[in-house]
Amino acid sequence: MRIKTEGDLTYMLGPFFIGIVFIIIHLLANSILPTERLKRIRWFSFSGGLAVSYVFVYILPTLHTVQQDIDDPFAMESEIYFIGLLGVLMFFGSQLFVRQKTEYTMSSFWLQISFYSVYNMMVAYVVLSTEVTGIQAVFYSFAIGMHFIAVAHDMWREFSDLYNKVGRYILALGIVAGWLIALFIDFVPLMQAFIIAFISGAMILNVFKYELPNDNESHFPTFAFGVVVYTLITMSLKFFFEW
């Protein structure tokens, strides 16, 4: 690991503003969401559509690329996917442990908020440390931002008062921590690959288990619209600009 140079600081100016947007999202997530039930259902259906598309057109191809870039004679073409599976296993186990402690409201809240702050830190690090700039960074960060809104709403729904008083600020600090790590610490490529794989597995779990709306709170046309639009735009930009 090494401290980044002044040139690196200039390069990180764009990701810095993305980090600011992520922080604002956590502080104002529930103000952004519509209050009317039908509009809220359509919002989360659209957000779920974006998230599913993001998994298939960005996360999974990224894992493939990261696996292909491992330059080691002992590589087995599956290490990255194994780390992603560990991310699913560990985050699912952690969430089950936290959600089952419903009899202790305060302890459940602090366990949950600690879990999500670490999650935010790792997601922020992955997004802000990758070599993605310009419109590409804005486009991919939009999907992450929608995902963060869903995460923040999930916390608010379970612990509304505590979330408004302290929770949202702790989640925002997780974003700050991830951005600072991305700015000042340069992990070796293999470690970066493992971090990307681990948090990608956790994000896939969160998208399919906690972000997709259930049958009673879903609007399929809006969900499908989100999937189709985000996928078409992403694939078009990849084709024309070789993303």
Q: Heavy atoms only: give me the nearest Ala193-Val66 pair and the separation to one decimal.
A: CB-CG1, 3.2 Å
Scan the side chains in residues 115-126 for donor-acceptor partners under 3.5 Å anywhere in the protein, sequence neighbours excluded, and list what turns up.
unit_1	atom_1	unit_2	atom_2	d
Ser117	OG	Ile113	O	3.1
Ser117	OG	Ser114	O	2.8
Tyr119	OH	His147	NE2	2.6
Tyr119	OH	Asn206	ND2	3.3
Asn120	ND2	His26	NE2	2.9
Asn120	ND2	Leu171	O	3.4

Q: Calculate, to the nearest 0.5 Å, the distance between atoms CD1 and CG belonging to Ile195 and Leu190 respectively.
A: 10.0 Å
Q. Are Leu173 and Leu27 connected in the hydrophobic side-chain network, where two residues link if heavy atoms are under 4.5 Å apart?
A. no
Q) Does Val52 reach the side chain of Val55, with side-chain heavy atoms less than 4.5 Å apart? A) no
Q: Report the residues that fulfil side chain to side chain contact (heavy atoms under 4.5 Å, CB included) with Val228, sequence neighbours left out, ordered by chain and then residue number.
A: Leu232
Q.
I'd like to know if Leu85 and Leu96 are part of one continuous hydrophobic network [Ile/Leu/Val/Met/Phe/Trp/Tyr, side-chain heavy atoms within less than 4.5 Å].
A. no
**Q.** ring pair (Phe, Tyr, Trp, His ring centres under 6.0 Å) assessment of Tyr54 paired with Tyr58
**A.** CA-CA 5 Å; Tyr54 183 78; Tyr58 183 72; 5.1 Å; yes
Q. When rounded to the nearest 0.5 angstrom, what distance separates OG in Ser47 from CZ in Phe148?
A. 12.0 Å
Q: Measure across Ile59 and Ser200 and return the closest heavy-atom pair with its distance rounded to 0.1 Å.
A: CG2-CB, 3.6 Å
Q | Worked verdict on Ile41 versus Thr222 for side chain to side chain contact (heavy atoms under 4.5 Å, CB included) | A | CA-CA 9 Å; Ile41 288 175; Thr222 308; over 6 Å; no
Q. In Å, rounded to the nearest 0.5 Å, how long is the span from CD1 of Ile199 to CG of Leu205?
A. 10.5 Å
Q | Heavy-atom pair with the smallest gap, counting every atom of Thr231 and Ser53 | A | OG1-OG, 2.6 Å
Q. Step by step, would you call Val166 with Trp110 a side chain to side chain contact (heavy atoms under 4.5 Å, CB included)?
A. CA-CA 10 Å; Val166 296; Trp110 286 110; 4.2 Å; yes
(Q) I'd like to know if the side chain of Thr65 reaches the main chain of Pro61, judged simply by a donor and an acceptor atom lying under 3.5 Å from each other, with no hydrogens or angles considered. (A) yes
Q. Do the side chains of Asp186 and Gln192 get nearer than 4.5 Å, heavy atoms only?
A. yes
**Q.** Inter-residue atom distance Tyr169.OH - Tyr163.OH, 0.5 Å rounding
**A.** 10.0 Å
Q.
Could you tell me if the side chain of Phe22 sits less than 4.5 Å from the side chain of Val127, heavy atoms only?
A. yes
Q.
Please say yes or no: joined through hydrophobic side-chain contacts below 4.5 Å, possibly via intermediate residues, are Val21 and Val176 part of one cluster?
A. yes
Q) Which heavy atom of Tyr230 sits nearest a heavy atom of Ala143, and at what distance? A) OH-CB, 3.4 Å
Q.
Nearest 0.5 angstrom please: Ile80 CD1 to Phe198 CZ, how far?
A. 13.0 Å
Q) Are more than 12 heavy atoms from other residues, nucleotides or ligands located less than 6.0 Å from atom CZ of Phe225? A) no
Q. What's the spacing between Asp161 CG and Trp156 CH2 if we round to 0.5 Å?
A. 10.0 Å
Q) Does Gln67 use its side chain to pair, donor to acceptor, with the backbone of Glu79 at less than 3.5 Å? A) yes
Q | Residue Phe56 excluded, over 12 heavy atoms near CZ under 6.0 Å | A | no
Q: Indicate if Phe187 and Ile196 have the same hydrophobic cluster label, given that clusters are the connected sets of ILVMFWY residues with side-chain heavy-atom separations under 4.5 angstrom.
A: yes
**Q.** Close side-chain approach of Phe159 and Lys165, heavy atoms under 4.5 Å
**A.** no
Q. Got a donor-acceptor contact below 3.5 angstrom from the Ser45 side chain to the His219 backbone?
A. yes
Q: Heavy atoms only: give me the nearest Ile25-Gly145 pair and the separation to one decimal.
A: CD1-CA, 3.5 Å
